[in-house]
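Below is one structure, written out as structure tokens, with a few remarks after it.
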Amino acid sequence: MKQQQQQFTMNIILWLLASMIVCNGLPLNANVAGRPAVVNIGAIFSFKTVIGKAAKIAIETAIEDVNSNPDILPGTKLILQMKDSNYSGFMAVVEALLFMERETVAIIGPQSSVTAHVISHIANVLRVPLLSFSSTDPTLSPIQFPFFVRTAQNDLYQMSAIAEIIDHYEWREVIAIYEDDDHGRNGIAALGDKLAERRCRISYKARLSPEPTRDEITDVLVKVALRESRILVVHVPGSWGLKVFSVAQYLGMLGTGYVWIATNWLSTVLETNSPLSQDAMDDIQGVVTLRMYTPDSQLKRRFVSRWSNLTRGKLIGLNTYSLYAYDTVWLLAHAINGFFNQGGNISFLNNSRASELSEGNLHLDALSVFQGGNLLLDNILNVNMKGVTGDFRFTSDRNLIHPAFEIINVIGTGYRRVGYWSNHSGLSTALPETLWEKLPNRSSTSQMLHGVVWPGQTTQKPRGWVFPNSGRHLKIGVPHRVSYREFVSVRGPDVITGYCIDVFTAALNLLPYAVPYKLIPFGDGRTNPSGTELVRLITAGVFDAAIGDIAIITNRTKMADFTQPYIESGLVVVAPVWRKNSNAFAFLRPFTGRMWAVTAIFFLLVGTVVWILEHRMNDEFRGPPRRQVVTILWFSFSTWFFAHRENTVSVLGRIILIIWLFVVLIINSSYTASLTSILTVQQLSSPIKGIETLVSSKDPIGYQQGSFARNYLIDDLKIDASRLVALNSPEECAKALKDGPHKGGVAAMVDDRAYIELFLSTRCEFSIVGQEFTKNGWGFAFPRDSPLAVDMSTAILKLSENGDLQRIHDKWLLRRACSYQGAKMEVDRLQLRSFWGLFLICGLACLIALFLYFLKMVRQFSRHYSEESDLSGQSSRSARIQTFLSFVDEKEEEVKSRSKRRQMERTSNRSTDDGSNSTSYSIRRNSEFASNKSLGATTNRGEV
């Protein structure tokens, strides 16, 4: 606490001093022309930390490589001054001020994100770029700190990777263990945001002081062990992070069921201090950690091969921070070179009020503003180079391109890679650089990792949570029902029984862990309580869960998570019914009056059409008018029984008959089925046909007190609330239904099928009418994202599979069937709308056949009588129509015979005079026509 107060005080002092400097500018001290021989840069970090001891070697090597390379900064050398902050934020700030006195153009560091927040204020004012390879705090924003440049991966991406790992394994709650400073708090805040995007959350935050003792760590982990979640994310410094796992091992928290995910501090420790002691490795078995990914390249391999020589006798491993530290120096060198190429000069502005700051030994009057700071910063951000970490350049939001992490699993004496995470494609077992050129693919099938060995040496994915061993009982709300106590019956403060209670306890017994609970009645015992209000109290924290006859409906699922339904249900309509007795005219009931009329019309229509099509060529359809009418009627109605004896010889007639017989088959079958049902099955009748009848009427409707049916009828079906009558018991329901709307009762009642089946088991005068118009079920409610809801759903499925659920149902809800159980509601009469398609097809076929027949007759008439009309002079319309009708009535064979004779006579008289031929031919034709008519009449009398 004292250290934090000192840090806060120093921050304020430095800000005031820097503000005084920037407000008082002095003339430019331009004493160098062209490129200078040397450029001063500084570096501030702790030399003895896990990151610092390796970064020191990497930075020194990079300075040597830059100065020995003639292609970069020709004629200019980088002079590096490194200062050891020695774990102290205060010393880091002092060293930064000292650098400002020496005309330093840029500073590499600091190592700590906490210190970076303070020094970044000074860098902003003095315009000195601050390049940090290890300050990964996501809140170090370029908007607030424009002169702070992060040259490693942002922790925001690391937290995204952890969130995707947790979501990949379908865990929903995690516990965060972190250092209580800016770096720890901001990193965990970023993790919380990323988890929330995937509908996960941090259920508990365990804070540790910046330098915790073993006892403090023990106290924190004991509290963690009492929580539900077993997914633990550790975000602490590498300097004391292993101490957390040592205490966890001592407390038995590294066994089966736990999941430990460490941020990249652990991979840094493993790389830098390798090999760790056997005790340390035992403490982290099964832990998953992340490491910043750097693609393989020739530059990287060359640097890795040099590392053993650079660290000879020091036993310091190469970690990813060292690679980024090395590239940071090269980044700065390229930027300074570009700065000079653009005409930049290294010059500083002295403070005009320096004399006022000269008192004391701090020499604050020596602080000056870097005149070329903005130009150098622009060059830093625009560098595009290839380094040992791969392509090195910045995005528009000043993060490094292609953020990616390796996912590492600690096993045995080492570790193995189980996959990668990249901001481009998420989790994958493929190298990230192979995916950068492809389109992003975040589908669930593409997100994969290799198998992980979890703590306890198990490869089976941990469930991720246990019931908390805190000694607290779950407070479970139970509706205190007045009616239908077979479902839930409160017999006393501690005696609650019923079907729903038995299902709950049976499912609870199947869980692999014990769940202490206490059932608490909800309601006054005089009216049925509201299930929606009971669920709402879960979100308010009054209850930890709710069980009973709670229907799963939309607005309730927005407040809580429900288990798998243990009983199917839905809203139905119940109304009074009576038996429908048979009568002498029951055979007419299958069809409506309109259906009977249309069917009869089509019988006559089809008979007439077939007669027309068959009349000229079929002797069975010829004869006197009376006989032909009888033939039409007999043929039409005999097709009902497929007993027609007349044969059809024309093609069109046969087509029409086939279509009509198909229609008759369908109508006959439907009539037989409907009549059979009417005569053999007991029929129940009610004026209420279903929910549609209730919606269209104005009669009162009953519902069970406390049921969601009221809101459904008002909100969804738009039924006026004044029509709804609350009923509190089965007896009230029965009385209201018997009285009816005219005696103060209700026309029908709407309720859950589960209740209604119990209600109707002893009340045969009522029945369900219409169809079930909603589908839902009953389930147990738990808080959102509760893992207990998932385990209880699995247990309910097991109860259903092994038959226990049915046995519990039969124990409480099986009743003697009502005598009307086999009865059916009155069968709906067959409507015309069910057959209009068949009639339409048949009618169109008849019209088309008649049209084709008419065209055929016109064509034949024109061919046989056109010349005769010209010769006889009969050109009037009435004469032609009369002749056409006579032609249609003739038998087709006679027409063909007459046509043949006419052709023979025309050949023999071809040489005769045109006028004489015409006159004699007319006389002969008229006498021939008269004799044919006489012969036809004699033939018809003979047929009669």
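Along the sequence shown, the residues carry numbers beginning at 1.
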Taking side-chain contact (heavy atoms from CB on, under 4.5 Å) as the definition, give me every residue that meets it alongside [X], ordered by chain and number, with sequence neighbours left out.
X: Glu437; value: none
X: Thr563; value: Phe780, Phe782, Met792, Ser793, Ile796
X: Lys461; value: Tyr169, Glu170, Trp171

Can you pull the ring-ring contact (aromatic ring centres under 6.0 Å, His included) pairs that have at least one residue in residues 380-417, sequence neighbours excluded?
His402-Trp436

The salt bridge (charged side-chain N to carboxylate O under 4.0 Å, His left out) partners of Arg463 (sequence neighbours excluded) come to Asp791

Under the salt bridge (charged side-chain N to carboxylate O under 4.0 Å, His left out) rule, collect the residues that match up with Glu164, sequence neighbours excluded.
Arg198, Arg442

[X]: partners by side chain to side chain donor-acceptor pair (under 3.5 Å), with sequence neighbours left out:
X: Asp561; value: Arg784
X: Glu216; value: Ser209
X: Ser246; value: Arg214
X: Arg393; value: none

Which residue pairs pass the side-chain hydrogen bond (donor to acceptor under 3.5 Å, both in side chains) test when at least one of the two sits in residues 447-457, sequence neighbours left out?
none

Side-chain donor-acceptor distances from residues 172-179 under 3.5 Å, at least two apart:
| unit_1 | atom_1 | unit_2 | atom_2 | d |
| --- | --- | --- | --- | --- |
| Arg172 | NH1 | Asp167 | OD1 | 3.4 |
| Glu173 | OE2 | Arg201 | NE | 3.2 |
| Glu173 | OE2 | Arg201 | NH2 | 2.7 |

